S.K.: 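Below is a structure I'd like to ask you about.
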2 protein chains.
Amino acid sequence: MAEQKKNATIYDVAEKVGVSLATVSRVVNGNNNVRQTTREKVLQAIDELGYQPNAVARGLASKKTTTIGVVMPDVTNVFYSELTRGVDDIAQMYQYDALLTNTDDDQDRAVTALKNLLTKQVDGIIYMGTKLSKPVMSAISALRAPVVLAGSVDHAGQLPSVNIDYVAAFEAVTTNLINRGHQRIALVIGSTDRAIDQDFRLLGYKNALEKAGMAFDDRLVFAKARTYAAGTIQAADLMAQEVTAVLAYDDELAVSILNYYQDHGYKVPDDLEIVTSNNTNYALMARPELSSIDQPKYDIGAVAMRMLTKLMNGEKLDDTQIKLPYTLISRGSTRKN
Amino acid sequence: MAEQKKNATIYDVAEKVGVSLATVSRVVNGNNNVRQTTREKVLQAIDELGYQPNAVARGLASKKTTTIGVVMPDVTNVFYSELTRGVDDIAQMYQYDALLTNTDDDQDRAVTALKNLLTKQVDGIIYMGTKLSKPVMSAISALRAPVVLAGSVDHAGQLPSVNIDYVAAFEAVTTNLINRGHQRIALVIGSTDRAIDQDFRLLGYKNALEKAGMAFDDRLVFAKARTYAAGTIQAADLMAQEVTAVLAYDDELAVSILNYYQDHGYKVPDDLEIVTSNNTNYALMARPELSSIDQPKYDIGAVAMRMLTKLMNGEKLDDTQIKLPYTLISRGSTRKN
DNA sequence: ATGAAAGCGCTAACAA
DNA sequence: TTGTTAGCGCTTTCAT
């Protein structure tokens, strides 16, 4: 006695109205070559039958799935989830759905994800990994669906991307720290084989040192895992290096460093100044609150998705390397200039 | 001179090997009715042509898309993103892809999302909204694809769901607080029109009061928005009610209350004890660290997804209302018993 | 303005 | 073991 929910097809609608399926297809797709009266009859039949076009069949026939893929390291990281939120909102606005895949920044998984997305015939992809190894790059170029990087860049700068000017931001923060007299400023970044870390964050940091005539000391650069637990371990290393200021690329890491120092009797910002760079809620919840570079995370995702819609429409982009404005927010974890 | 990336189809493979497309289909789908030697030839041709089955065509023909939908309030909330992580990992394991939709717990958006997912012919859905209004419930029952609730329940308890025993957990925490002499214990939950809040969290709280012979005072129940900013506002209300203990259902909210009190000179846990219930990183990052109910968030998502795979396979479930074990974690925001 | 007909790339009976 | 033949539900020329 189970209710048989047989879906109405375009044939059922056509038959009911007494027109061909081509006509039904036209009204469904907003084609104007339909007389007003027939359009109305079709619409009514659609309503009565509860007809919903089958997106899969449509995708096969039209070669457009109105689905995009989002490849990211980890939804659980607030930075990425905020980017994703921006992507998803704009995607919904343009009637796209998003297939999400977590890769943990593992290059093999990223390649697998990309290939799989290809199989599913997505119309485009937002890629958030920070690492972009050779295999990943070649998987991307084998894609024939447009790809936009959000919060990331490739070394060659060939792929469209949306970011902030990491070089300038990291240089500015470092310079501020130098101006307040710091000699031993730690830089905490992701692994240095990533373009975004190596070519941007680290570069900004080095630029500031160089302009101040200070020597670069690679023992002050920390590039480890990005977990709260890993932060605690790194904090011990930082302490051993007797740094007096820290610039961290991730908020969870920054909070764990902050807590470690305070738990060991250090005063922040008196004994240690600390600046983070994602300005998530973590920065606000810490005590003292963390000074931070403020990246427009949601907007980075939103703009990337908007770019992707254009690309999927075959439009050319004037500018493929978008840099959104960032700001520097001064809070309790740093001293006043 | 653009590289023409024409995809190889099953026909190309069949032709190259000199067999019918049915045979190719068989080897692709692991059907055993293929002679070993032909299988090898087909495999080789597939490799040489770089043939990748088109999932859309396959979906149309087989009526299975190997895609599921995930409907959630907000990826940006760590609780949900952790559930999602569990869902995604198991989904990947079983070769499903997940379409993600944020609803902000807006019932209209949830209905729209559900209908859209229906259109895309997903094989199943994981639903994470905590609100389950009539329209949403009827959209779900119109779905003919299985649905599993993760971290949520419907009033009637008809939909398969994965949770912890919220009643027991909230009762236990409240009882502990009562045992330490508190008379005015605040309960901070989501809006009371949700089953999970009304029928579970609130019930557990009331049970504890009743067993202790204490009167229930609805002025001690707070049900507002779940944002860090909203938390600050609620904290002022809590203070006005002169509560001495707080049990909050969301970590960000709990941290904001904690900070508000401490910023106003209160000592935690001496002047106020506070317990939260999601045990995300926020609880660890707060100072003092927050005591919390520990829900196995990742597992809730993972188990829900596992259930969904069975349902999608047409298997019957022995138990549709899964309650995973929870624990109570005592940290600095509460006094010792 | 409307219809006929040929696919889109694949699965799944059914035959052989 | 392998091939033949219908579809799956829709879009899209091309006629009319």
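The model shown is predicted, which means the values in this text are computed figures rather than measured ones. To find a chain, count down the sequence lines: A is the first, B the second, and so on, and within it residues start at 1.
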S.K.: Over how many whole Å does the gap from B/Ile10 atom CD1 to C/dT11 atom C1' extend?
M.R.: 8 Å

S.K.: May I have the distance from A/Asn54 (atom CG) to C/dC10 (atom P), rounded to whole angstrom?
M.R.: 17 Å

S.K.: Going by the salt bridge (Lys or Arg N to Asp or Glu O under 4.0 Å) test, which pairs reach into residues 18-28 of chain B, not counting sequence neighbours?
M.R.: none

S.K.: For the helix from C/dA1-D/dT16 to C/dA16-D/dT1, what angle lies between the axis at the first five pairs and the axis at the last five pairs, to 10 degrees?
M.R.: 30°

S.K.: Listed by chain and number, what are the salt bridge (Lys or Arg N to Asp or Glu O under 4.0 Å) partners of B/Glu48, not counting sequence neighbours?
M.R.: B/Lys16

S.K.: Would you mind writing out the side-chain donor-acceptor pairs for residues 51-62 of chain B within the sub-3.5 Å range, not counting sequence neighbours?
M.R.:
| residue | atom | partner | partner atom | Å |
| --- | --- | --- | --- | --- |
| B/Asn54 | OD1 | B/Val56 | N | 2.7 |
| B/Asn54 | OD1 | B/Ala57 | N | 3.1 |
| B/Ser62 | OG | B/Arg58 | O | 2.7 |
| B/Ser62 | OG | B/Lys64 | N | 3.3 |
| B/Ser62 | OG | B/Lys64 | O | 3.4 |

S.K.: Name every residue in residues 111-123 of chain B that has at least one heavy atom under 4.0 Å from any atom of DNA chain D, in order of residue number, or write none if there are no such residues.
M.R.: none

S.K.: Hey, are B/Thr130 and B/Asp105 close enough side-chain-wise for a donor-acceptor pair under 3.5 Å?
M.R.: yes

S.K.: Closer than 4.0 Å, any side-chain N/O of A/Arg58 to the OP1 or OP2 of D/dT11?
M.R.: yes

S.K.: Output all residues satisfying salt bridge (Lys or Arg N to Asp or Glu O under 4.0 Å) with A/Asp104, sequence neighbours left out; order by chain, then residue number.
M.R.: A/Arg109, B/Arg85

S.K.: Any side-chain to backbone donor/acceptor pair from A/Glu82 onto A/Asn77? Under 3.5 Å, distance only.
M.R.: no

S.K.: Calculate the interatomic distance between B/Leu60 atom CG and D/dG9 atom C1'; express it in whole Å.
M.R.: 6 Å

S.K.: So, the side chain of B/Asp74 versus the backbone of B/Thr76: is there a donor-acceptor pair under 3.5 Å, distance only?
M.R.: yes

S.K.: Is there a donor and acceptor pair closer than 3.5 Å between the side chain of B/Tyr11 and the base of C/dC10?
M.R.: yes

S.K.: So if I take residues 25-49 of chain B and measure heavy-atom distances to DNA chain D, which residues fall below 4.0 Å?
M.R.: B/Arg26, B/Asn33, B/Val34, B/Arg35, B/Thr38

S.K.: Of the options D/dC10, D/dT4, C/dA4, whose atoms approach the side-chain atoms of A/Ala61 most closely?
M.R.: D/dC10

S.K.: If the condition is side-chain hydrogen bond (donor to acceptor under 3.5 Å, both in side chains), which residues does A/Ser25 pass it with, not counting sequence neighbours?
M.R.: A/Asn29

S.K.: Which residues pass the side chain to side chain contact (heavy atoms under 4.5 Å, CB included) test with A/Met93, sequence neighbours left out?
M.R.: A/Ile90

S.K.: Do any side-chain nitrogens or oxygens of B/Thr23 fall under 4.0 Å of OP1 or OP2 in D/dG3?
M.R.: yes

S.K.: Can you tell me how far C1' of D/dG7 sits from NZ of B/Lys63, to the nearest Å?
M.R.: 10 Å

S.K.: In this structure, how many angstroms lie between the P atom of D/dT11 and the CG atom of A/Leu21, rounded?
M.R.: 9 Å

S.K.: Measure from the side chain of B/Thr9, starting at C-beta and using heavy atoms only, and say which of D/dG3, C/dG9, C/dT2 lies closest.
M.R.: C/dG9

S.K.: What residue pairs, at least two apart or across chains, pass salt bridge (Lys or Arg N to Asp or Glu O under 4.0 Å) with a residue in residues 31-40 of chain A?
M.R.: none

S.K.: Would you say A/Ser20 places a side-chain N or O within less than 4.0 Å of OP1 or OP2 belonging to C/dG3?
M.R.: yes

S.K.: Base, sugar-phosphate, or nothing for A/Val19, non-hydrogen atoms under 4.0 angstrom?
M.R.: sugar-phosphate

S.K.: Determine all donor-acceptor pairs shorter than 3.5 Å in which one atom belongs to a side chain in residues 111-118 of chain A; sequence neighbours excluded.
M.R.:
| residue | atom | partner | partner atom | Å |
| --- | --- | --- | --- | --- |
| A/Thr112 | OG1 | A/Asp108 | O | 2.9 |
| A/Asn116 | ND2 | B/Asp97 | OD1 | 2.7 |
| A/Asn116 | ND2 | B/Asp97 | OD2 | 3.0 |

S.K.: Excluding sequence neighbours, so at least two apart, what forms side-chain hydrogen bond (donor to acceptor under 3.5 Å, both in side chains) with B/Asp123?
M.R.: B/Thr65

